Amino acid sequence: MLKFFNTLSRQVEEFQPIESGKVRMYICGPTVWNFAHIGNFRTFIFGDVLRRYLKFKGFELTHVMNLTDIDDRIINEAAARNISIDEFTEPFAQYFLEDFDALGNERPEIIPRATHHIAEMIDIISTLLDNGHAYESDGSIYYRITAFPEYGKLSKINFSGNRDGGSERIDTDKYDKEDARDFALWKLVGPDDQPGWDAPFGRGRPGWHIECSAMAMKYLGETFDLHAGGQDLQFPHHENEIAQSEGATGKQFAKYWIHSEFLKIDDVTMSKSKGNFFTFRDLKDQGYSPLAIRYLLLSVPYRKQLNFTFEGLQGAESTTERLRNFRSLVKESSGTGEEKDAVELVMIALKKFETAMDDDMNTAAALAAVHDMVREVNTVIAERSLSNDEKEAVLDAVSQFDAVLGIFGAETSEILDNDIENLIEDRQQARANRDFARSDEIRDLLAEQGIVLEDTKDGVRWKRK
RNA sequence: GGCGGUGUAGCCAAGUGGUAAGGCAGAGGUCUGCAAAACCUUUAUUCAUCGGUUCAAUUCCGAUCACCGCCUCCA
């Protein structure tokens, strides 16, 4: 039975989709104003594992991840470069998707952009103005918090006790708002200012939160199953999305809210504003593999802060290497054995894996099941040949695990060019002649080209480093 | 100031009222011409500290300490 911790109730709840067998899910994507760092990607990898696990459980999925391509930072940066916001955001949108793909994430069904949904935002704002949930002040439109008594139900923020001494940047009254908590839905801009869009309530640009309400409801309906994102979005972003959406429709917006925790580095949150971040590209340039980065980021359950260390990343590198070796070893095994006890091991591992993932996506426990199976099957292989049934069962389990986690890497069935084949052959000859100096020389030569050789009792194996 | 979360071996970490998963790193061994891969053995009398409840607590309660976060742009 699949269970999630729902931020709305602060409890682990059984997951029941609105429509049997189908899941509609929205995950807040990036604001494309810079390269995404690995803390950002922790959330997207979490979202990907969530997506894949829902599919694993047999749900038909509609998954939306937006790209926010308009906000104050974007406007400022574009203005500073004297280019349009599209010219500024487009490269970052592409970089993001490249990195997203490289980290082994499946593309969501729909990846909408905020600037393509201005009309939908205007519709919602109009509705909110009509029903009294929004008001105009100095040409801008604000959400009226007092018209939505449930405000705060997600973040559980006690607004009475947090006025003084807390935030250093409590909104100073640069706008004339009815209530300090009210937030902008639509910001007035001048007739010639860019970017700006005409709306019945005046030319302007959207506030920060309205884009997600608009895109979520457009593609998933007024009420949908799952809404997820980084925990920093819980307040104010998600709280405000709820206020806007439910204020406009009078219906529940999302049934389950799931938030992933931060990634820390040296025990401090990794964030752009603190400057203590690594982008995916930084780590790749240092020679770390996308697979290991992915493994590390998903190895800690999503609700727990993950402390990033290079020691840990190096460990993930070793671990993923071991997983890859394992799959190759099984694939290359002859399947001539008679016994079947490994089939039983595999069944147990699959069961444990599913139980762990059902339990609010406990990836650490799920990985333990994978590793148990790997070790146990390796032990069998060390002793005897796998039978065909065993081989099939193991490979099937690997592909099931990998359908969810994506940590075994791409299956490569490369062929070597003739030169390399010949070198390997020469080396075997040298070894037969006990000319080990020559054989080691060839091994080193191949290593330089990224070909690693392993001598086994069944002959020589090779793999790419 | 209000609210929430963490603290388990060198590192990353799971977990439960009944006596500590898994991975990495380390040590020893098997195999190998040597490696590599793989396997085996080993690595926390102990789960931040101090009390309490209990036959029994790492797990429940209380206090203390340390760290993280939200209340403010941020996945």
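Within every chain, numbering begins at 1; the chains are lettered A, B, ... in the order of the sequence lines, protein sequences first and strands thereafter. The shown structure was predicted, so the numbers you read here are calculated from the model rather than taken from an experiment.
The partner of B:rU6 is B:rA66, by the rule that a Watson-Crick or G-U pair needs both atom distances under 3.5 Å. Pair assignment for B:rC47 gives none, since no Watson-Crick or G-U wobble pairing has each distance under 3.5 Å. Across the strands present, B:rG17 finds no partner; the criterion is a Watson-Crick or G-U wobble pair with both atom distances under 3.5 angstrom. Look at B:rC73: it lacks any Watson-Crick or wobble partner with both distances under 3.5 angstrom. Figure legend. B:rC60 is base-paired to B:rG52; pairs are counted as Watson-Crick or G-U wobble with both atom distances under 3.5 Å. Across the strands present, B:rU30 finds its partner in B:rA38; the criterion is a Watson-Crick or G-U wobble pair with both atom distances under 3.5 angstrom.
Within a heavy-atom distance below 4.0 Å of RNA chain B, the residues of residues 425-432 of chain A found are A:Arg427, A:Arg431. Within residues 27-50 of chain A, the residues that place at least one heavy atom under 4.0 Å from RNA chain B are, in residue-number order, A:His37, A:Gly39, A:Asn40, A:Thr43. Within residues 337-351 of chain A, no residue approaches RNA chain B, by heavy-atom distance under 4.0 Å.
The closest donor-acceptor contact from the side chain of A:Lys156 to the backbone of A:Leu8 lies under 3.5 Å. Not one N or O on the side chain of A:Asp48 forms a donor-acceptor pair closer than 3.5 Å with the backbone of A:Ile45. Of the possible polar contacts, none joining the A:Asp225 side chain to the A:Met25 backbone as a donor-acceptor pair under 3.5 Å is found. For the pair A:Asn105 (side chain) and A:Phe100 (backbone), a donor-acceptor distance under 3.5 Å is present. In this structure a side-chain-to-backbone donor-acceptor pair under 3.5 Å is missing from A:Asn66 to A:Cys212. Not a single donor-acceptor pair under 3.5 Å links the side chain of A:Arg464 to the backbone N or O of A:Gly450. The backbone N or O of A:Thr43 lies less than 3.5 Å from no partner atom in the side chain of A:Ser260, so there is not a single donor-acceptor pair.
Which of B:rG23, B:rC71, B:rA25 sits closest to the side chain of A:Pro236 comes down to B:rC71. Comparing atom distances between the A:Ala368 side chain and each of B:rA38, B:rA21, B:rG23 picks out B:rA21 as nearest. Distance from the side chain of A:Arg434 is smallest to B:rG33 among B:rC70, B:rG33, B:rA36.
Residue-environment remark: NZ (A:Lys351) stays at or below the threshold of 12 foreign heavy atoms within 6.0 Å. Heavy-atom contacts from other residues, nucleotides or ligands closer than 6.0 Å to NZ of A:Lys284 number 12 or fewer.
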How far apart are the C-alpha atoms of A:Phe310 and A:Phe278, what are their side-chain angles, what is the distance that settles it, and do they pass the ring-ring contact (aromatic ring centres under 6.0 Å, His included) test? CA-CA 11 Å; A:Phe310 280 98; A:Phe278 294 103; 5.2 Å; yes

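A cation-pi arrangement, defined by a distance under 6.0 Å to the six-membered ring centre and an angle within 45 degrees of its axis, is present between A:Arg303 and A:Phe5.
Rounded to whole Å, the distance from CZ on A:Phe235 to P on B:rA75 is 17 Å. Rounded to whole angstrom, the span from the CG atom of A:Leu313 across to the P atom of B:rA25 amounts to 13 Å.
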Produce a footprint string for nucleotides 39-44 of chain B: one letter per nucleotide, 5' end first; B if the base is under 4.0 Å from any protein heavy atom, S if only the sugar-phosphate is, - if neither. SS----

I need a per-nucleotide contact map over nucleotides 9-20 of chain B, read 5' to 3'. Cutoff is protein heavy atoms under 4.0 Å; write B for the base, S for backbone only, - otherwise. -BSSSSS-----

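When each of A:Arg73 and A:Thr319 is assigned the nucleotide of RNA chain B with its nearest heavy atom, A:Thr319 is the one assigned upstream, toward the 5' end. Of the two residues contacting RNA chain B, namely A:Leu367 and A:Phe326, the nearest-nucleotide position lying further toward the 5' end is that of A:Leu367.
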Listing time: all N or O pairs from protein to nucleotides 59-61 of chain B that are below 3.5 Å?
none

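Partner of A:Phe253 under the ring pair (Phe, Tyr, Trp, His ring centres under 6.0 Å) criterion, chosen from A:Tyr26, A:Phe148, A:Phe224: A:Phe224.
Using a 4.0 Å heavy-atom criterion, one finds that A:Asp455 contacts the bases of the nucleic acid, with or without backbone contacts as well. Here A:Thr456 lies out of heavy-atom contact (under 4.0 Å) with every strand. Using a 4.0 Å heavy-atom distance criterion, A:Asp372 is classed as a sugar-phosphate-only contact. Note on A:Ser260: nothing from the nucleic acid sits closer than 4.0 angstrom, heavy atoms only.
A donor atom on one side chain and an acceptor atom on the other are not found under 3.5 Å apart for A:Thr309 and A:Asn307. A donor-acceptor pair shorter than 3.5 Å can be found between the side chains of A:Glu90 and A:Gln94.
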